[in-house]
Amino acid sequence: MTGKPAALDNAAQLNIQRVSRKGSLSSYVADQLAELIKAGSISVGQKLPGENGLSEAFGVSRTVIREAVAHLKSLGLVATRRGLARR
């Protein structure tokens, strides 16, 4: 297979567990996503589901997802790009 891996169509493909513990929600989300990346469940160049899909899968707000992704970005595990607006 050549080229970039296809975007994930559904966050459910990642086997995400809904957040149910106390503490920093964004840290929990970031930790779980980091584990998926390190385990190879999310491959290099593969697009993550959008904020809405991830927030629904984890059962948290989009703000929590943004904070988690920002943390992963600071660790060099993900790169972010501005999405295209739908018309």
Side-chain angles (χ1 to χ4, degrees):
M1 179 178 224
T2 60
K4 290 185 179 180
L8 294 173
D9 293 328
N10 188 341
Q13 294 174 342
L14 297 177
N15 194 25
I16 291 172
Q17 298 173 8
R18 291 182 69 89
V19 174
S20 63
R21 70 174 201 174
K22 293 185 180 188
S24 171
L25 295 177
S26 62
S27 293
Y28 178 79
V29 170
D31 290 347
Q32 193 170 349
L33 288 173
E35 287 301 316
L36 289 168
I37 292 167
K38 291 174 185 176
S41 297
I42 301 172
S43 58
V44 174
Q46 188 173 15
K47 293 181 182 179
L48 292 173
E51 282 181 3
N52 288 334
L54 287 173
S55 67
E56 186 175 316
F58 280 105
V60 298
S61 70
R62 288 177 36 218
T63 302
V64 171
I65 299 299
R66 279 188 222 112
E67 290 173 3
V69 170
H71 180 67
L72 294 174
K73 184 177 177 181
S74 74
L75 297 175
L77 291 175
V78 299
T80 58
R81 296 188 189 130
R82 186 170 184 182
L84 298 174
R86 294 184 183 184
R87 296 176 193 229

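Residues take their numbers from the sequence shown, with the count starting at 1. Computed from heavy atoms alone, side chains included, the values below leave out hydrogens, waters and symmetry copies.
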Where Ile37 and Leu77 come nearest, the two heavy atoms and their spacing = CD1-O, 4.1 Å

Euclidean distance, Arg66 CZ relative to Ser61 OG, rounded to 0.5 Å = 7.5 Å

query = What's the shortest heavy-atom distance between Ala68 and Val29, and which atoms?
reply = CB-CG1, 3.6 Å

request  = List the atom of Asn52, the atom of Arg62, and the distance in Å for their closest heavy-atom pair.
outcome  = OD1-CD, 2.9 Å

inquiry  = How close do Ala34 and Leu72 get, counting heavy atoms only, and between which atoms?
reply    = CB-CD2, 3.9 Å

ask   = Shortest non-hydrogen contact from Ser41 to Gln46?
value = O-OE1, 4.0 Å

task = Mind checking the CG-CG spacing from Leu36 to Asp31? Nearest 0.5 Å is all I need.
result = 11.0 Å

query = CD/Glu51 to OG1/Thr63 distance, rounded to the nearest 0.5 angstrom?
reply = 8.0 Å

ask   = Looking at residues at least two apart in the chain, or sitting in another chain, which of them share a side-chain contact (heavy atoms from CB on, under 4.5 Å) with Glu56?
value = none

note = In terms of heavy-atom contacts, Leu54 and Pro49 come closest through CD1-O, 3.5 Å

